Amino acid sequence: MDDSEDGSSIFAGGDIFEQRELLRVGHVPDIDRIVGRDEEISAVGRALGPGTRGSPPETTIIYGKTGTGKSLVTRCVSRQAQKEADSHDTDFRFSYVDCSDYQSDAKASREMARRLSDTLDAEKNIPRVGIGAADYRDITWELLDEHDVDVFVAILDEVDKLDDDDLLRSLTRAKESGKADAHIGAICVSNKIEYRNRLNERLDSSLQDNELVFDPYDANQIRAILENRTDAFVDGVLQEGVIPKVAALAAQEHGDARKAVDTLYEAGRIAEKEEANIVTEDHVDDAVQRAEINRFKQLVSGTTPHVKHILRTLALLTADNPGQQSFSTHEIYEAYTQLVAAEEGTPLSEDRVYRLLKEQSFLGVTESEHTGGGHSEGSFLEHRLVRDPELVIEALEK
Ligand SMILES: Nc1ncnc2c1ncn2[C@@H]1O[C@H](COP(=O)(O)OP(=O)(O)OP(=O)(O)O)[C@@H](O)[C@H]1O
Ligand SMILES: [Mg+2]
């Protein structure tokens, strides 16, 4: 009996992916699969290095735009530091806390204690409620003492999400205030560069010397990152130009490795859905377009049906009038009332539509500009879509 007879073919994968998990969000590649961050890896290594030999680690703050490898490098190097410390008979421990999941001082402090307790295999009772942030930190210091830990590093990822700086302040002072014997350090990670000033104002100068900035990736680096993951695909299904194309687009737009990996994955999925046996550059174009449509959908997801009608009207006008990009409020209003009538709805007043259009321009969905009409007409407002009308029409389809 073959697949088609017993029905198992409905679960069969296509012929595109071999190990799709290599392209999924959340996949953490090994340190030897990290490309183009050698300097950054060394810098984080230098910060943690003393810790691996029983001396105080350097507290460091890492900045950089989204998708530049900050979390990845920090996690991989910390793991590596733990191994290195073992070879020097140093008991080095770290707790990784993603502050976007634990935004209050108490939650982040609890998570820090919990993670430490896990790595120590300590069966410490860490209450979920009823005690405060400072108590959770005391549990951390106790754990360090009870287990004779030499060096402890707290990794506070997305540190800008924390409600306040108490945790960071107490980490930088735990040793001098006699709360713990271990050397204690912190690595803070943020993609908000504005956070730097806020932090410097409040935490003296102790962190200023140890700032590390991760730059967006260039096309070659993104290309190397993607090439390192081609074993996600069945051998030979990636058309030659696919990776260079994804890399070029990504570098041009954002230099974000996460988005580039996503685009490659999406291109593969689209090929799979079409039951194609090769991934082409056209699939990449489709993937990029899909992503833009999704982003636009998100952008307008919270708006009212009338705003959607107005945007659809503008998109239809733009698509139907090649050579014309901008339309007056009145032109849009006329077309909008027809569109609403066709759906048997009741249109809003022209003044209301005018205000909603101005609001959309403020949100960056459209652009509005005053145009001097003829002598007697005075100036009026013209509106145009920022994005491709086809994309907007598709995104607004139900
Ligand atoms: N140098 C690299 N080599 C291989 N893969 C990488 C590299 N940099 C980033 N990636 C991939 O991109 C994804 C995003 O990287 P990472 O999570 O480290 O970004 P980030 O700088 O922390 O971004 P954010 O500020 O949004 O948290 C990772 O999961 C990884 O798959
Ligand atoms: Mg991150």
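Predicted model only: the values in this text are computed from it and were never measured. Indexing begins at 1, ligand by ligand and atom by atom, following the structure's order.
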Just checking F233 against F17, ring centres under 6.0 Å apart?
yes
Got the residues with a heavy atom under 4.0 Å of ligand 1, by chain and number?
H27, R33, I34, V35, R37, K65, T66, G67, T68, G69, K70, S71, L72, E158, N191, Y217, I225, R229, A257, R258
Take atom NZ of K308 as the centre, draw a 6.0 Å sphere, and report whether it contains more than 12 heavy atoms from other residues, nucleotides or ligands.
yes
Answer yes or no: are there more than 12 heavy-atom neighbours, outside E240 itself, under 6.0 Å from its atom CD?
no
Of all the atoms in S71, is at least one N, O or S atom closer to the Mg ion (ligand 2) than 2.8 Å?
yes
Please work out which of the three classes, parallel, tilted or perpendicular, describes the rings of F92 and F94, given edges at 30° and 60°.
tilted
Heavy-atom donor-acceptor pair, S361 side chain to L357 backbone, under 3.5 Å:
no
Quick check: are there more than 12 heavy atoms from other residues, nucleotides or ligands sitting under 6.0 Å from NZ of K161?
yes
